[in-house]
Amino acid sequence: MSALNFENEFFKGIEQIKFEGPGSDNPLAFRYYDAERVIGGKTLKDHLRFAGAYWHSFCGNGADPFGAPTHNFPWDVKSEPVARAKDKMDAAFEFLTKMNLPYYCFHDLDVVDYGLDIKENDRRLQALVDYAKEKQAQTGVKLLWGTANLFSNPRYMNGAATNPDFHVLAHGAAQVKAALDATIALGGENYVFWGGREGYMSLLNTNMQREQDNFAKFLHASKDYARRNGFKGTFFIEPKPCEPTKHQYDYDAATVLGFLQKYDLMGDFKLNLEVNHATLAGHTFQHELQVAADAGLLGSIDANRGDYQNGWDTDQFPNNINELVESMLIILEAGGLQGGGINFDAKIRRNSTDPADLFYAHVGGMDLFARALIIASEILEKSDYKKIRTDRYASFDTGKGAEFSAGKLSLEDLREYAIEKGEPAVISGRQEYMENLINRYI
Ligand code: XLS
Ligand code: NI
Ligand code: NI
């Protein structure tokens, strides 16, 4: 990381965040995230691959449906769009560097405002890509993934790739092409498709089959274009069950898995799983991780959390250690994330208005993930967690159980076995024992 010297400094008075250990009382220091510490043969930095999210951190101004912005960003004042965007990028790279975040993620519209002229938009994005290249070279910060915002412009009110109007779909494609070009030019390691408004509000006016077929064609065209132009990374689909549409097509991990299989996209696409989206789907985050891991699709994470009392994507910063330890157990057992990292798709609250609040939020999130990883790795190494789960299925490892697993027993064979052995013994699932085990290591 370069020496901290920012010509156009926005977060004055905040220095680089350092690791000070669990005993520190400095609120702007890491207690657990010691980037170079090695766990299971890999540094924390390489395990976690943290990323800052451009949209929440540098664009999200605290506005809500009931009120005007509360975060009045000093980088958001110039009138000319490219000059304003460069100020924002200065702020972004200053923050990423001070925060020790090795990666960032963006939508095209986060980086620079778009108008209605496609060629002019491409020109603006290109100007910022050139600028970002310099910034990346100066700071060593890298692009974890790029994406296109195909949901904010009013033309996308009925979706982009699933819009009933072909003309709108073509506009979405123009945006994806430019966002892919930007991602490739910046050495982006992955590219994300989050469903945006790909879904429906009412089936009364919707041909679901046709929309999903179009969605798949759109993804194939995007993938083919990117591959032809040298993109070697992974495409991620980010499931979400609802919001903004009533029903999003990429409902959850299992739904997207079926979609990828049906439309022959398994080779190039994996999943980017978001904590709050899992909650909205009525799942735990762990459930979504496990579905993805079992299918070989565990690509990346959008880190945040929901609110137990609210039914929408509140995108709060993570702070639940139990949930994250359980999640890390799944990620570690799966061999880690495939190509992705941990992107803080989270925003500070409307009334968190000090520049330092963004730092506190990330310090907390990064420390929590680091701590969860360290604990999960200890549980796997030192406790009987793995053994208990293996033993629970031992009856399938020998004798008739093993024959069944090998596909060798018929329904009649199974009946014979049941008669011969009589009533099965009662065997405890020991859930409370397992819950205590997790807490013992926390
Ligand atoms: C919205 C999504 C979005 C994606 C990127 O709920 O989480 O932020 O991560 O388009
Ligand atoms: Ni997200
Ligand atoms: Ni989200």
Side-chain angles (χ1 to χ4, degrees), residues 49-61 64-65 103-111 114 143-153 156 159-162 172 175-176 178-180 182-183 188-199 215 218-219 222 234-253 255-256 269-283 285 288-289 292 298-307 310-318 327 337 340-349 361 365 369:
R49 292 158 58 86
F50 286 129
Y54 223 93
W55 53 105
H56 285 309
S57 293
F58 315 111
C59 311
N61 56 23
D64 71 11
Y103 287 98
Y104 69 114
C105 302
F106 64 71
H107 302 81
D108 45 3
L109 302 194
D110 306 332
V111 168
Y114 273 12
L143 179 62
L144 186 65
W145 50 262
T147 187
N149 175 328
L150 304 182
F151 41 92
S152 293
N153 189 292
Y156 299 126
T162 63
Q175 247 184 277
V176 169
L180 281 167
T183 303
E189 297 182 18
N190 308 279
Y191 186 90
V192 163
F193 291 91
W194 164 58
R197 294 179 195 271
E198 316 298 12
F215 192 22
F218 188 94
L219 294 176
S222 305
T234 307
F235 300 93
F236 295 140
I237 296 207
E238 184 180 323
K240 186 175 184 182
C242 55
E243 195 203 18
T245 71
K246 173 182 161 59
H247 182 99
Q248 305 269 123
Y249 290 135
D250 298 329
Y251 195 94
D252 61 1
T255 308
V256 176
F269 285 77
K270 297 196 188 309
L271 297 175
N272 178 36
L273 297 171
E274 181 165 319
V275 184
N276 205 164
H277 296 182
T279 320
L280 294 176
H283 300 309
F285 185 47
E288 290 293 85
L289 291 169
L298 186 51
S300 207
I301 287 177
D302 270 7
N304 57 24
R305 78 177 203 273
D307 181 300
N310 285 343
W312 67 88
D313 206 7
T314 58
D315 288 340
Q316 290 160 254
F317 274 80
S327 302
L337 300 170
I342 297 172
N343 167 49
F344 287 103
D345 193 352
K347 57 183 178 231
I348 52 175
R349 300 300 91 188
F369 266 94

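Just so you know, ligand 1 is whichever comes first in the structure, and atom 1 is the first atom listed for that ligand. Treat the numbers as computed from the prediction; the structure is a model and nothing was measured. What you see below is based on every heavy atom in this structure, not just the backbone, and it leaves out hydrogens, waters and symmetry mates.
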- Query: Which ligand 1 atoms does Lys240 reach within 4.0 Å, using its non-hydrogen atoms?
  - Reply: 1 (C), 6 (O)
- Query: Angle subtended at the Ni ion (ligand 2) by OD2 of Asp345 and OE1 of Glu274, to 10 degrees?
  - Reply: 90°
- Query: Looking at ligand 1, does any of its N/O atoms fall within less than 3.5 Å of an N/O of Glu238?
  - Reply: yes
- For ligand 1, which atoms have a heavy atom of His107 less than 4.0 angstrom away? 5 (C), 10 (O)
- Any idea how His107 and Phe151 line up, ring-wise: parallel (<30°), tilted (30 to 60°), or perpendicular (>60°)? perpendicular
- Looking only at atom types and distance, does a side-chain atom of Thr255 sit under 3.5 Å from a main-chain N or O of Asp250, one as donor and one as acceptor? no
- Task: Under 4.0 Å, heavy atoms only, figure out whether ligand 1 is touched by the backbone of Glu243, its side chain, both or neither.
- Result: neither
- Message: As a test of reading the structure, name the N/O/S atom of Asp313 that is nearest the Ni ion (ligand 3).
- Response: OD2
- Query: For the residue pair Phe218 and Phe193, does the interplanar ring angle fall in the parallel (under 30°), tilted (30 to 60°) or perpendicular (over 60°) class?
  - Reply: perpendicular
- Item | Salt-bridge criterion met for Lys240 and Asp313 (N-O under 4.0 Å) | yes
- Item | Donor-acceptor contact present, side-chain Thr279 to main-chain Val275, <3.5 Å | yes
- Note on the structure: the Ni ion (ligand 2) has as its nearest N, O or S atom from Asp302 the atom OD2
- Task: May I ask you to check if ligand 1 and Asn272 share an N or O to N or O distance below 3.5 Å?
- Result: no
- Main-chain N/O of Glu238 paired with Glu274 side-chain donor or acceptor, under 3.5 Å: no
- Query: Under the ring pair (Phe, Tyr, Trp, His ring centres under 6.0 Å) criterion, do Phe50 and Tyr103 qualify, and how do the steps go?
  - Reply: CA-CA 6 Å; Phe50 286 129; Tyr103 287 98; over 10 Å; no
- Is the backbone of Tyr156 close enough, under 3.5 Å, to the side chain of Asn153 for a donor and an acceptor to pair up by distance? no
- Query: Any idea which of Trp194, Phe193, Phe151, Trp55 brings a heavy atom closest to atom 1 (C) of ligand 1?
  - Reply: Trp194
- Which is the closest N/O/S atom of Glu238 when seen from the Ni ion (ligand 2)? OE2
- Query: Does Asn272 reach the main-chain N or O of Ile301 with its side chain, forming a donor-acceptor pair under 3.5 Å?
  - Reply: yes
- Query: Backbone or side chain, does any N or O of Asp345 fall under 3.5 Å from an N or O of ligand 1?
  - Reply: yes
- Item | Close approach of His277 to ligand 1, heavy atoms, under 4.0 angstrom | yes
- Message: If we set the cut-off at 4.0 Å for heavy atoms, which region of Asp302 has an atom near ligand 1: side chain, backbone, both, or neither?
- Response: side chain
